[in-house]
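In what follows, a single structure is set out as structure tokens and then discussed.
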Amino acid sequence: MNIDDLPQIPSREFMGGAVQSVEDDGSRASVRFRPPEGMTNPHGTVQGGFVAAMVDDTVSLATWFAGGERTFVTSSLSCFYLRPVPAGVGLLVTCELGRVGQRQAVFEAVVQVDGDHTPLVKAVQIQSFL
């Protein structure tokens, strides 16, 4: 798949995101983010809601292809914040399809500093096809 042919997503652009890869069958996807200033909490790390939005964006990209380009909604998203997510650095969000059926798809995702394999956030997301 040519990632240059994917549509521009305003929320992804707002979060400083750029698609790195997506499998044609939606089994995996990765998006690199560089969150802009203003997405931090009082501790100076990326606020958790923005991290969840990055996970949702990456999983949604994969879901579109895993579901045969059917309309879907996020049914649930559980984020497990293992370490603070630093601001001012590139972040890589990757996801992998666990299972896809007629009605739902289940994904696992990981957020890491780009170039470092230490997981900062792990997530499980369920998508429901309409």
Interatomic distance, T45 atom OG1 to F50 atom CZ [nearest 0.5 angstrom]: 12.0 Å

Residue pairs fulfilling salt bridge (charged side-chain N to carboxylate O under 4.0 Å, His left out) with at least one residue in residues 61-80, sequence neighbours excluded: none

Gap between atom CZ of F107 and atom OG of S27 - 0.5 Å precision: 8.5 Å

Residue list, side-chain hydrogen bond (donor to acceptor under 3.5 Å, both in side chains) with T71, at least two apart or on another chain: none

Heavy-atom side-chain contact between M54 and V46 under 4.5 Å: yes

Selection residues 71-95 - residue pairs positive for salt bridge (charged side-chain N to carboxylate O under 4.0 Å, His left out), sequence neighbours left out: none

Residues that P86 engages under side-chain contact (heavy atoms from CB on, under 4.5 Å), provided they are two or more places apart: V89, V113, L120

Residues in side-chain contact (heavy atoms from CB on, under 4.5 Å) contact with R34, at least two apart in sequence or another chain: none

pair T74-V59: side-chain heavy atoms closer than 4.5 Å: no

Under 4.5 Å side-chain linkage, directly or through intermediates, the cluster mates of V73: L130

Residue pair L97 / A105: nearest heavy atoms and the distance that separates them: CD1-CB, 4.1 Å

Cluster link L6 to L92, ILVMFWY, side chain under 4.5 Å: no

Minimum-distance pair of heavy atoms, taken over all atoms of V22 and A62: CG2-CA, 4.4 Å

For R32, side-chain hydrogen bond (donor to acceptor under 3.5 Å, both in side chains) partners two or more places apart: Q20, D114

Under 3.5 Å donor-acceptor, E23 side chain and D25 backbone: no

Residues that H117 engages under side-chain contact (heavy atoms from CB on, under 4.5 Å), provided they are two or more places apart: Q112

Ring geometry between F129 and F72 (parallel below 30°, tilted from 30 to 60°, perpendicular above 60°): perpendicular

Derivation of the side chain to side chain contact (heavy atoms under 4.5 Å, CB included) call for T58 and F33: CA-CA 10 Å; T58 304; F33 293 92; 3.7 Å; yes

Within 6.0 angstrom of Q102 CD, more than 12 heavy atoms from elsewhere: no

S78 OG to Q125 CD distance, which is reported to the nearest 0.5 Å: 9.5 Å

Salt bridge (Lys or Arg N to Asp or Glu O under 4.0 Å) against E108, all qualifying residues, sequence neighbours excluded: none

Qualifying salt bridge (charged side-chain N to carboxylate O under 4.0 Å, His left out) pairs with a residue from residues 85-100, counting only residues at least two apart or across chains: R28-E96

Joint hydrophobic cluster, V110 plus L91, side-chain heavy atoms closer than 4.5 Å: no

Shared hydrophobic cluster for I9 and M39 (ILVMFWY, side-chain gaps under 4.5 Å): no

Pairwise side-chain contact, S128 with Q104, heavy-atom cut-off 4.5 Å (strictly under): yes

Those residues that, when tested against V106, pass side-chain contact (heavy atoms from CB on, under 4.5 Å) (two or more places apart): V124, I126

Pairs where residues 40-66 contributes a residue and the test salt bridge (charged side-chain N to carboxylate O under 4.0 Å, His left out) is met, not counting sequence neighbours: R12-D57

